[in-house]
Amino acid sequence: MIKSLERIKFKRIRSESSLSERECVTGNVENYISTLDKKKWINKFFAIYWPLEDEVDLRGLRKKYPLALPKCNSKKRLDFYIWDEAPLVKDQEGIFAPNNTNLLNPRQISHIFVPCLSVDKKLNRLGYGGGYYDKLRSNEDWKLIPCIGVLTNKCLSKNLLTKDIWDIPLSGFITNNELLI
C-alpha cells in the first residue's frame, strides 16, 4: 500500500519534469559513457529501455553506442536483445522491443540503464512494481553488471523508500544535476 502511494507521488513529480531537464539527464548519461574505458566495453552493449510517458529518453545514444533493449518474455522475465535495424514489436507488457534472435548474455552487456520513478540515498529504486529488473539482477551473473538509475533530480527521494526483501539496490544513478556511481 505504501509503495502504491509512493508511485502515485513520484509519477506526479516526474510528470512535472521538463523536457529540457530530461534531455539534460540524457546528456549526462552520454557524458558518463564517454568517460568509461572503451577497452572495457568495445565489444559489449549498453542496455537501455524503451521510454514510457515522461521517462528520460536514451534512444538517441544509438547514434554513437551499441545498444540493447529489453524484451519481457512469456515467463515475465527480461531478456536483452541487440537493437538492430529490424522493426520493433510490442512484448508481453506492450512495450516496444526488438524482434530478432540476437539474445545477449550478461557477458555481452557493459551497463544497464533503468528508468526510475524515484531513488533514495541507499540506491533503492522505485519502479512500476513488476520487479523485472530485480528478478534479472537476482541472477549472480546479471548482478555483476552496473545497473544505473536514470531520472530527473526532482524525483530523488529525500526519505528512504519502502523496500521489499527482493529489491536489489542500484549501482548508482544519473540525474540532470547529479551523478552518483
Side-chain angles (χ1 to χ4, degrees), residues 1-36 45-65 67-70 72 78 80 83 88 91 93-97 109-137 142-143 145-181:
M1 179 67 174
I2 294 173
K3 269 195 171 183
S4 296
L5 294 174
E6 289 173 335
R7 284 188 185 94
I8 291 167
K9 172 186 173 182
F10 284 105
K11 277 184 184 178
R12 181 188 51 75
I13 291 170
R14 185 180 70 188
S15 73
E16 296 167 358
S17 296
S18 69
L19 177 60
S20 65
E21 288 171 315
R22 292 191 305 270
E23 288 173 342
C24 187
V25 177
T26 301
N28 287 342
V29 170
E30 186 169 355
N31 290 339
Y32 169 72
I33 291 172
S34 73
T35 68
L36 298 173
F45 294 83
F46 293 100
I48 66 164
Y49 52 90
W50 192 266
L52 302 177
E53 185 180 5
D54 300 321
E55 288 180 340
V56 174
D57 187 349
L58 300 179
R59 294 175 295 179
L61 296 174
R62 189 173 181 207
K63 295 172 189 165
K64 287 186 172 182
Y65 302 104
L67 298 182
L69 285 173
C72 180
L78 286 183
F80 284 98
W83 186 8
L88 300 173
D91 67 8
E93 292 295 321
I95 300 171
F96 284 106
I109 301 287
S110 173
H111 288 70
I112 301 170
F113 293 98
V114 298
C116 303
L117 288 172
S118 185
V119 174
D120 68 21
K121 63 184 176 184
K122 291 196 172 188
L123 299 177
N124 294 307
R125 172 185 176 263
L126 180 66
Y128 291 105
Y132 291 104
Y133 288 100
D134 293 312
K135 287 176 197 168
L136 176 78
R137 296 181 67 230
W142 284 103
K143 196 182 281 188
I145 299 167
C147 188
I148 300 168
V150 179
L151 67 165
T152 63
N153 209 59
K154 289 178 181 174
C155 293
L156 291 175
S157 181
K158 293 174 180 51
N159 302 310
L160 292 179
L161 296 166
T162 304
K163 186 177 185 306
D164 290 313
I165 58 170
W166 56 81
D167 289 338
I168 299 172
L170 297 169
S171 308
F173 63 80
I174 297 174
T175 73
N176 47 312
N177 296 332
E178 194 172 349
L179 184 140
L180 178 72
I181 298 176

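The structure displayed is predicted, hence computed values, not measured ones. Only heavy atoms go into these numbers, but all of them, side chains included; no hydrogens, no water, no symmetry mates. Along the sequence shown, residues are numbered consecutively beginning with 1.
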Under 3.5 Å, side chain of R137 to main-chain N/O of C147, donor-acceptor pair present? no
Hey, is CG on L19 packed in by over 12 heavy atoms from elsewhere, all under 6.0 Å? yes
A side-chain contact here means heavy atoms from C-beta on lying under 4.5 Å apart; do V119 and N124 qualify? no
Find the distance between NZ (K11) and CG (L52) and round it off to the nearest 0.5 Å. 9.5 Å
Taking atom types as modelled and ignoring hydrogens, do the side chains of S157 and D120 form a donor-acceptor contact shorter than 3.5 angstrom? no
Side chain proximity check, Y32 to I148, heavy atoms < 4.5 angstrom: yes
Is there a side-chain contact between F45 and L69 in this structure, where contact means two heavy atoms from C-beta onward sitting under 4.5 Å apart? no
Does a side-chain heavy-atom distance below 4.5 Å link P115 with Y133? yes
Quick check: does any side chain N or O of R7 sit under 3.5 Å from a backbone N or O of G127, one acting as donor and the other as acceptor? yes
Applying side chain to side chain donor-acceptor pair (under 3.5 Å), name anything that partners E16, two or more places apart in sequence or on another chain. R12
Test: D164 and K3 ion pair at under 4.0 Å: yes
Side chain N176, main chain V25, donor-acceptor under 3.5 Å: no
Donor-acceptor check, side chain of R22 to backbone of S17, threshold 3.5 angstrom: yes or no? yes
To the nearest 0.5 Å, how far apart are CZ in F173 and SG in C155? 11.5 Å
Rounded to the nearest 0.5 Å, what's the gap from SG on C116 to OH on Y49? Could you check? 8.0 Å
Would you indicate whether the side-chain heavy atoms of P51 and R59 approach each other to under 4.5 Å? yes
Could you pull out all residues at least two apart from Y132 that satisfy ring-ring contact (aromatic ring centres under 6.0 Å, His included)? none
Counting C-beta onward and ignoring hydrogens, is there a side-chain heavy-atom pair between R14 and K154 closer than 4.5 Å? no
If only atom types and distance count, is the side chain of E178 paired as donor or acceptor with the main-chain N or O of N153 below 3.5 Å? no
Sequence-distant partners of F96, ring-ring contact (aromatic ring centres under 6.0 Å, His included), two or more places apart: W50
For the pair D134 (side chain) and G131 (backbone), establish whether a donor and an acceptor sit closer than 3.5 Å, ignoring hydrogens and angles. no
Which pair of heavy atoms, one from L161 and one from E6, lies closest together, and at what distance? CA-OE2, 3.7 Å
I want to check something: taking the side chain as every heavy atom from C-beta on, are F46 and L36 in contact at a cut-off of under 4.5 Å? yes
With no hydrogens and no angle check, is any side-chain donor or acceptor of T26 less than 3.5 Å from a backbone partner on D57? yes
How about W83 and Y65: are their ring centroids closer than 6.0 Å? no
